[in-house]
K.L.:
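Just passing along the structure, written as structure tokens.
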Amino acid sequence: MFPDPSAGGAAYLECTRCGARHPAEARLRLSPCCDKPLYARYDLDSIRERFQPSALVGREPTLWRYAEVLPVRDARFRLTLGEGFTPLLDAPRLAAALGLERVWVKDEGQNPTGSFKARGLALAIARAWELGIGVVAIPTAGNAGSATAAYAAAAGLEAHVVAPQDTPRVIVEEIRALGADLELVPGLITDAARRVAEGAASHGWFDLSTLKEPYRVEGKKTMGYELFEQLGGRLPDVIVYPTGGGTGLVGMWKAFEEMQSLGWIGPERPRMVSVQADGCAPIVRAWEAGVEDAGVWENAHTYAAGLRVPRAVGDFLILRAVRASHGAAVAVSDEAMADAVRLIGRTTGIFAAPEGGATAAALPVLMQRKLLRPEEEVVLFNTGSGLKYVTP
Ligand SMILES: Cc1ncc(COP(=O)(O)O)c(C=O)c1O
Ligand SMILES: [Zn+2]
């Protein structure tokens, strides 16, 4: 049907703090040296010649089209429900309403389980499966839980999901329907994370928390490869990304580095803009203060469940990408997000998640602060479907 990509697989795992190398075949989570996120590194020199954009023509429209730069070695473990290669939609009326010339919306709501979390969990679970792991667990604000349930079901693995009590009802029903064991806990994703850590210690669950295992970010990075392909071999001036744990933002940043090593792009980069809710904005606070460690945001609150992440393990990676790209980090109110969901809806036909709304709400703020010029080309990430947040 489609031409098969050649084999993938990482050469080693690298500590993002000290650069030490660890074996790609070990079942590692954070780095054994510094307790920081690990990145999969590939032998890009050896694939450079055959892995060029022209090689992608005619490949299947899922993220597995980039198999050469993905960590799954054996094609039998390329678990798929059709994730990735979501449309990049030109949004001229949204652009005009915001006083910009060119705005695109990358509609991640069209992924399996209705959010971009499908990308990360397709990879993490495929790789766990390949490494012989039988039981996975995840703390989640919601969407990562349904993606985990879906891919675990597709692979035949056992999944435990722990989420806050007030997780959107549709997501709760979805996780249960997909056969995962779901536990609802009082508090936030950080409280859910403690419960998963206990389960990991006492029952041997493999914990898939954001950036605490090396492979979710590999799935998320495919958004960067897709932007390049879908824009016809270039990148936009600005990328606006709603940030909780920040995997998508750091993933795309990693993709751009790889693309440069592969000779697809030069040293130029889009400016990376991280958007958070004003009720939970640790990255914005750290960006403004000029520090690398974002710390914990107390009393986090926002109706955008995915942005209610009071502490990000990869804070220093998010802040590095934002700063190195001369980007920015801005916070918007829940009211502005909700208004922007309606604006996106009536100008594009996309029913965005509140997190997607946050990206459009950020544009007037960026313009007002002279961080964005009207003639610059912008990509907004609508990371999920609005359907998942409707309370029956
Ligand atoms: C719809 C949506 N958007 C954005 C985010 C934040 O994503 P990340 O943790 O990659 O920053 C989440 C996380 O739950 C989400 O569900
Ligand atoms: Zn280290």
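Order of listing sets the numbers, starting from 1, for every ligand and every atom in it. As the structure is a prediction and not an experimental result, all values here were calculated from the model.
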K.L.:
Is Arg29 salt-bridged to Asp35, going by a charged N under 4.0 Å from an acidic O?
P.N.:
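Asp35 and Arg29: not salt-bridged.
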K.L.:
Out of all atoms in ligand 1, which are within 4.0 Å of some heavy atom of Gly248? Include the element for each.
P.N.:
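Those qualifying, in numeric order: 10 (O).
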K.L.:
Hey, is ligand 1 close enough to Leu307 that some N/O pair sits below 3.5 Å?
P.N.:
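N/O-N/O distance below 3.5 Å does not exist for this pair.
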K.L.:
Can you find an N/O atom of Tyr241 closer than 3.5 Å to an N/O atom of ligand 1?
P.N.:
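Yes, Tyr241 has an N/O under 3.5 Å of an N/O on ligand 1.
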K.L.:
What residue and atom, counting heavy atoms only, is the protein's closest point to atom 14 (O) of ligand 1, and at what distance?
P.N.:
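For this ligand atom, the closest protein heavy atom is Lys117 CE, 3.1 Å.
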K.L.:
Less than 3.5 Å apart, any donor N or O on the side chain of Glu218 or Tyr66 sitting next to an acceptor on the other?
P.N.:
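Absent: no donor and acceptor within the cut-off.
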K.L.:
Which ligand 1 atoms does Lys220 reach within 4.0 Å, using its non-hydrogen atoms?
P.N.:
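In order of number, 10 (O).
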K.L.:
Can you tell me which residue among Val330, Val273, Val240, Val238 is in a side chain to side chain contact (heavy atoms under 4.5 Å, CB included) with Leu363?
P.N.:
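Among the candidates, only Val240 passes.
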K.L.:
What atoms of ligand 1 come closer than 4.0 angstrom to any heavy atom of Tyr389?
P.N.:
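Contacts of ligand 1 toward Tyr389, numbered from 1: 1 (C).
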K.L.:
Using a 4.5 Å cut-off on heavy atoms from C-beta on, say whether the side chain of Tyr389 contacts that of Arg169.
P.N.:
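Not touching, per the 4.5 Å side-chain cut-off.
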K.L.:
Does ligand 1 have an atom under 4.0 Å from some heavy atom of Gly246?
P.N.:
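Under 4.0 Å: yes for Gly246.
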K.L.:
With salt bridge (charged side-chain N to carboxylate O under 4.0 Å, His left out) as the test, pick out the partner of Glu226 among Lys220, Lys106, Arg65.
P.N.:
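Filter result, single survivor: Lys106.
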K.L.:
Within the structure, does Thr243 bring an N/O atom to less than 3.5 angstrom of an N/O atom in ligand 1?
P.N.:
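By distance alone, the answer is no.
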K.L.:
If you count heavy atoms of other groups shown closer than 6.0 angstrom to CZ of Arg21, is the number above 12?
P.N.:
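For Arg21, atom CZ is not crowded (no more than 12 foreign heavy atoms under 6.0 Å).
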K.L.:
Go through ligand 1 atom by atom and flag the ones less than 4.0 Å from a non-hydrogen atom of Gly245.
P.N.:
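Near Gly245, meaning under 4.0 Å from one of its heavy atoms, ligand 1 has 8 (P), 9 (O), 11 (O).
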K.L.:
Heavy atom of Phe116 under 4.0 Å from ligand 1?
P.N.:
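True for this residue.
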K.L.:
For the pair Phe51 and Trp264, name the ring-plane relationship: parallel under 30°, tilted 30 to 60°, perpendicular over 60°.
P.N.:
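Phe51 and Trp264: tilted rings.
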K.L.:
Is there a donor-acceptor contact under 3.5 Å linking the side chains of Lys388 and Ser146?
P.N.:
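The answer is yes; a qualifying pair exists.
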K.L.:
Check Thr62, Thr86, Val217 against Arg119 for a side chain to side chain contact (heavy atoms under 4.5 Å, CB included) and give me the one that passes.
P.N.:
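Result for side chain to side chain contact (heavy atoms under 4.5 Å, CB included) with Arg119: Thr86.
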K.L.:
Angle at the Zn ion (ligand 2): provide the value between SG of Cys34 and SG of Cys33, rounding to 10 degrees.
P.N.:
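Rounding to the nearest 10 degrees gives 120°.
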K.L.:
In ligand 1, which numbered atoms sit nearer than 4.0 Å to a non-hydrogen atom of Asn143?
P.N.:
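Those atoms are 1 (C), 15 (C), 16 (O).
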K.L.:
Which residue and atom name correspond to the protein heavy atom nearest atom 3 (N) of ligand 1, and how close is it?
P.N.:
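Checked against all protein heavy atoms, atom 3 (N) of ligand 1 sits closest to Thr383 OG1, 2.6 Å.
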